[in-house]
Amino acid sequence: MVDEDINFPDVNYGKKNVDKIHDLTIADWSPFFDHDYWEIFIFCMSYAYVKGLKPEKVPGTGTMPAKVFSDETRHLMRALAIDYKNDISVIKNSRDYVTICEQFAYAGFDEVYDRIKNRPSEKSVDSVLFDMINEANKN
């Protein structure tokens with residue numbers, strides 16, 4: 001195991017989002033029903049990045065334990081940080097690249113939540129996510 005994997009920090013998704021993230025995992029109207037918090041985090045992070053949203057400082061402290069992030073997910077987080085900074089050295093310190101990912105996830109969360117929660121009744125929950133992905137890819 002690499003030192004950076006050992007030092008991978010808990011991940012902060014924003015104290016104000018705790019109830020909403022929980023809501024997304026227990027509500028049958030949510031495409032994240034019965035999924036884990038980290039999956040919502042990664043979707044919001046990726047969505048905000050691809051859509052070109054400005055990263056936002058995340059209030060609070062780490063709330064998702066490092067152990068919930070698989071190696072593959074950590075690689076995705078590293079890749080996003082490298083691309084954003086245009087500098088591979090950002091991955092030398094896991095706190096640095098995790099902070100970038102936290103800021104993107106936080107920037108995208110409200111929009112993701114609102115789009116899912118307030119979807120038109122005729123739209124399926126899955127189609128909302130597909131629409132968001134397609135819109136973000138057009139940017």
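In this structure a side-chain-to-backbone donor-acceptor pair under 3.5 Å is missing from D28 to F33. Remark: the backbone N or O of A27 is not paired with any side-chain donor or acceptor of S30 at under 3.5 angstrom. Checking side-chain atoms of E102 against main-chain N and O of N12 turns up a donor-acceptor pair under 3.5 Å. A donor-acceptor pair is defined here as one N or O able to donate and one able to accept, closer than 3.5 Å; such a pair exists between the side chain of N93 and the backbone of R95. Panel note: side chain N17, backbone Y13; a donor-acceptor pair is recorded below 3.5 Å. In this structure, S46 contributes its side chain and I42 its backbone to a donor-acceptor pair below 3.5 Å. In this structure, R119 contributes its side chain and S127 its backbone to no donor-acceptor pair below 3.5 Å.
Taken from CD in E111 to SG in C44, the straight-line distance is 9.5 Å, to the nearest 0.5 Å. Atoms CD and CG, on E39 and D34 in that order, are 9.5 Å from each other to the nearest 0.5 Å. Taking CD1 from I21 and CH2 from W38, the interatomic distance works out to 13.5 Å, rounded to the nearest 0.5 Å. A distance of 10.5 Å separates CD1 of I116 from CG of D23, quoted to the nearest 0.5 Å.
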Y37 vs F32, ring-ring contact (aromatic ring centres under 6.0 Å, His included): CA-CA, chis, key distance, verdict: CA-CA 9 Å; Y37 287 12; F32 295 105; over 10 Å; no
W29 vs K117, side chain to side chain contact (heavy atoms under 4.5 Å, CB included): CA-CA, chis, key distance, verdict: CA-CA 8 Å; W29 49 260; K117 175 83 173 168; 3.5 Å; yes
Worked check of side chain to side chain contact (heavy atoms under 4.5 Å, CB included) between T25 and I40: CA-CA 9 Å; T25 63; I40 299 167; 3.6 Å; yes
From CA spacing to verdict: side chain to side chain contact (heavy atoms under 4.5 Å, CB included), F43, I133: CA-CA 10 Å; F43 183 84; I133 292 166; 3.9 Å; yes
Derivation of the side chain to side chain contact (heavy atoms under 4.5 Å, CB included) call for L24 and H35: CA-CA 9 Å; L24 288 174; H35 287 261; over 6 Å; no
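Enclosure of atom CG in N118 by more than 12 non-hydrogen atoms of other residues, nucleotides or ligands within 6.0 angstrom is indicated. Under a cut-off of 6.0 angstrom, the local environment of CD1 in I88 is sparse, with at most 12 non-hydrogen atoms contributed by other residues, nucleotides or ligands. The 12-atom threshold is not exceeded at NZ of K85, counting heavy atoms of other residues, nucleotides or ligands nearer than 6.0 Å. Around CZ of F130, the count of heavy atoms belonging to other residues, nucleotides or ligands within 6.0 Å does not exceed 12.
Within the 4.5 Å cutoff, side-chain heavy atoms of D110 are placed close to those of K20. Between Y49 and P55, the closest side-chain pair of non-hydrogen atoms is not below 4.5 Å. When side chains are defined from C-beta on, K15 does not count as touching T63, because their heavy atoms never get closer than 4.5 Å. Contact annotation: the side chain of M77 approaches that of V98 to within less than 4.5 Å [non-hydrogen atoms, C-beta and beyond]. Side-chain contact between V125 and L129 is absent, with no heavy-atom pair separated by less than 4.5 Å. Counting only heavy atoms from C-beta outward, the side chains of D36 and V68 never approach each other to under 4.5 Å. Taking 4.5 Å as the limit, every side-chain heavy atom of V90 sits out of range of all side-chain heavy atoms of R78.
Residues D126 and S124 bring no donor and acceptor atom of their side chains to less than 3.5 Å of each other.
Residues A107 and L53 share a closest heavy-atom pair of O-CD1, 3.7 Å. Listed here is the closest heavy atom pair of P9 and A66: O-CB, 3.6 Å.
Hydrophobic clustering, with ILVMFWY side chains joined whenever heavy atoms are under 4.5 angstrom apart, keeps V50 apart from Y106.
Comment: D131 does not engage R115 in a salt bridge, judged by the lack of any side-chain N to carboxylate O separation of less than 4.0 angstrom.
The aromatic rings of Y97 and F8 sit tilted, their planes meeting at an angle between 30° and 60°.
Between F104 and Y84, a ring centre-to-centre spacing shorter than 6.0 Å is recorded.
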